[in-house]
Amino acid sequence: MAPSSSASPAAGLSRPVAQRKVRPSADYRRRPRMSVSPPPKKFRSMVEIMKVAKRVELPVEEEEDDEESEEEEEDDYGEVVCEQCGSGERPEELLLCDKCNKGFHMLCLRPIVVRVPIGPWHCPHCSGDQHRIIKSFSQKKIVDFFRIQKESQMVVKCSSAQDTRKRRKRSLVFHKRRRRLSLYIPTEDPHRRLVQMASLASALTALDMEFSDELTYMPGMARKSSNSAKFESGGMQVLSKEDTETLEQCRAMYKRGECPPLMVVFDSREGYTVEADGPIKDLTILAEYTGDVDYIRNRQEDDCDSMMTLLLARDPSKSLVICPDKRGNISRFINGINNHSPEGKKKQNLKCVRYSVKGACHVLLVAIRDIAKGERLYYDYNGYEHEYPTHHFV
């Protein structure tokens, strides 16, 4: 049959594939493209790995060598002695310098180390502490640093030492049986007193401390109301009215610039320490132990080496301690000593005495014998005595 005349000759031909326009359906456009993920890796189990792994055995000789080296190392450390006291006892308290390998008892170091340091440790000689120097301070800086009363002008001119001796003599004669505490006698030379106060100001500045001649109560620590002698377990010795007046006179003298005859010096072995810059009589009040008051429970992990117990309460959670790490006075630099040894008993010339003063607890540093000029000051940190209860070293 012949094709129709109206049909185009090319009607029967199809268009090339490249020229076709295929419009995708709406369902196809909405269909998201799926990403093809690689096939998961196949890991061998530990059982299969152990089947093909080679067995390795350590030679017995190496273990023996390690044991021998450990024994030799123990023998070497067994011969270490303290460079301060010369004793090898209490090895658990011996610290070895990571530079010179010399040993030091924690309680023989100055300042005392209260716990084993974490990480490398160097002795005072290797750490370069012996090169500290005492800075010089002008009179104006000393007046500002210690907040001395300017209107009294007692930095240059103070009351006569002879009058102080007379007051002290009368009090001792009148109350001889009561063994009254005595006022310290300041140095007569005003320029020497400036040198003494400058030595303290230099030591406090080196430790980034502020001067404070009284107990301080900071936010976040113990409140002032918590320092009450009535909380003391077993009671606390009450400071008599006459001795309280003597203590107040000592505080007033210091505010006028009449400091006790003491000098802060630096020793390569003991660190900062205090020595007498003039003769000091027995039963003389030299200073009150001052600093921030806090609960002992808050200072269990504290690295401060000069904490002093202030109150031992029946409830241990209420016990207090003095922390002279931010604020303090010259008592911060008076060293404690082990009074159990004969040498320590000879050196001790002070005693820390805890008193109830107007209902609050205070710690006083009192001379227990006559002290000569140039003699260094030491107190016992081992515990209490019946006549003058001392502190517990923390």
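Hydrogens, waters and symmetry mates play no part in the numbers below; they use all other heavy atoms, side chains included.
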Indicate yes or no: does [X] engage [Y] in a salt bridge with an N to O separation below 4.0 Å.
| X | Y | result |
| --- | --- | --- |
| Asp292 | Lys326 | no |
| Glu232 | Arg354 | yes |
| Asp325 | Arg299 | yes |
| Asp267 | Arg376 | yes |

Quiz item: Counting distance only, does the side-chain N/O of Ser319 pair as donor-acceptor with the main-chain N or O of Ala313 below 3.5 Å?
Solution: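 Between the backbone of Ala313 and the side chain of Ser319 there is a qualifying donor-acceptor contact (under 3.5 Å).
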Exercise. Please check if the side chain of His105 supplies one atom and the backbone of Glu89 the other of a donor-acceptor pair under 3.5 Å.
Key: yes
Is there a side-chain contact between [X] and [Y], using heavy atoms and a 4.5 Å cut-off?
| X | Y | answer |
| --- | --- | --- |
| Leu247 | Arg251 | yes |
| Leu320 | Ser226 | yes |
| Cys123 | Cys100 | yes |
| Leu350 | Val366 | no |
| Arg180 | Leu283 | no |
| Met106 | Leu94 | no |
| Ile285 | Tyr184 | no |
| Leu181 | Leu239 | yes |

Residue pair [X] / [Y]: nearest heavy atoms and the distance that separates them:
| X | Y | result |
| --- | --- | --- |
| Met197 | Gly257 | SD-O, 4.0 Å |
| Leu183 | Cys250 | CD2-SG, 3.3 Å |
| Asn101 | Leu96 | O-CD2, 4.1 Å |
| Leu365 | Ser331 | CD1-CB, 3.4 Å |
| Ile322 | Gly291 | CG2-N, 3.6 Å |
| Gln196 | Ser199 | O-OG, 2.5 Å |

Practice problem: Go through Thr216 and Thr290 one step at a time and tell me if the side-chain contact (heavy atoms from CB on, under 4.5 Å) criterion holds. | Solution: CA-CA 8 Å; Thr216 51; Thr290 63; over 6 Å; no
Is it possible for you to say whether [X] and [Y] belong to one hydrophobic cluster, with membership spreading through side-chain heavy-atom contacts below 4.5 Å?
| X | Y | result |
| --- | --- | --- |
| Met307 | Met218 | no |
| Leu310 | Val238 | no |
| Val293 | Met221 | no |

Quiz item: Are Phe333 and Phe266 near enough that their ring centres are under 6.0 Å apart?
Solution: no
Within this structure, what is the [atom1]-[atom2] distance for the pair [X] and [Y], rounded to the nearest 0.5 Å?
| X | Y | atom1 | atom2 | result |
| --- | --- | --- | --- | --- |
| Met209 | Asn329 | CE | CG | 8.0 Å |
| Thr244 | Lys358 | OG1 | NZ | 7.0 Å |
| Cys97 | Lys102 | SG | NZ | 9.0 Å |
| Tyr254 | Glu214 | OH | CD | 13.5 Å |
| Phe231 | Leu311 | CZ | CG | 8.0 Å |
| Glu275 | Leu262 | CD | CG | 9.5 Å |

Quiz item: Checking side-chain contact (heavy atoms from CB on, under 4.5 Å) for the pair Thr246/Ser182: CA distance, chi angles, key distance, verdict?
Solution: CA-CA 7 Å; Thr246 302; Ser182 306; 5.7 Å; no
Between [X] and [Y]: side-chain donor-acceptor atoms closer than 3.5 Å:
| X | Y | result |
| --- | --- | --- |
| Asp189 | Thr187 | no |
| Asn335 | Thr273 | yes |
| Tyr217 | Asn227 | yes |
| Glu288 | His362 | yes |

Exercise. Assess whether side-chain contact (heavy atoms from CB on, under 4.5 Å) is satisfied between Leu312 and Lys318, documenting all intermediate values.
Key: CA-CA 8 Å; Leu312 291 176; Lys318 297 182 179 180; over 6 Å; no
Quiz item: Is it the case that more than 12 heavy atoms not belonging to Gln300 sit under 6.0 Å from its CD atom?
Solution: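 Result for CD/Gln300: enclosed.
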Self-check item: Greater than 12 external heavy atoms within 6.0 Å of Asp208's CG
Solution: no
Quiz item: For Glu375, what residues pass the side chain to side chain contact (heavy atoms under 4.5 Å, CB included) criterion, not counting sequence neighbours?
Solution: Asn349, Arg369, Ile371, Ala372
Quiz item: For Ala252, which residues count as a side chain to side chain contact (heavy atoms under 4.5 Å, CB included) partner, sequence neighbours excluded?
Solution: Arg256
Quiz item: Who are the ring-ring contact (aromatic ring centres under 6.0 Å, His included) partners of Tyr289, not counting sequence neighbours?
Solution: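 Partners of Tyr289 by the ring-ring contact (aromatic ring centres under 6.0 Å, His included) criterion come out as none, since no residue qualifies.
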Practice problem: Let me see the working for Val195 and Asp277 under side-chain contact (heavy atoms from CB on, under 4.5 Å), right down to the final yes or no. | Solution: CA-CA 10 Å; Val195 174; Asp277 200 38; over 6 Å; no
Exercise. May I ask you to establish whether Arg297 and Tyr295 are in a cation-pi arrangement, using a distance under 6.0 Å from NZ or CZ to the six-membered ring centre and at most 45° from the ring axis?
Key: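 Output yes; distance and angle both within limits.
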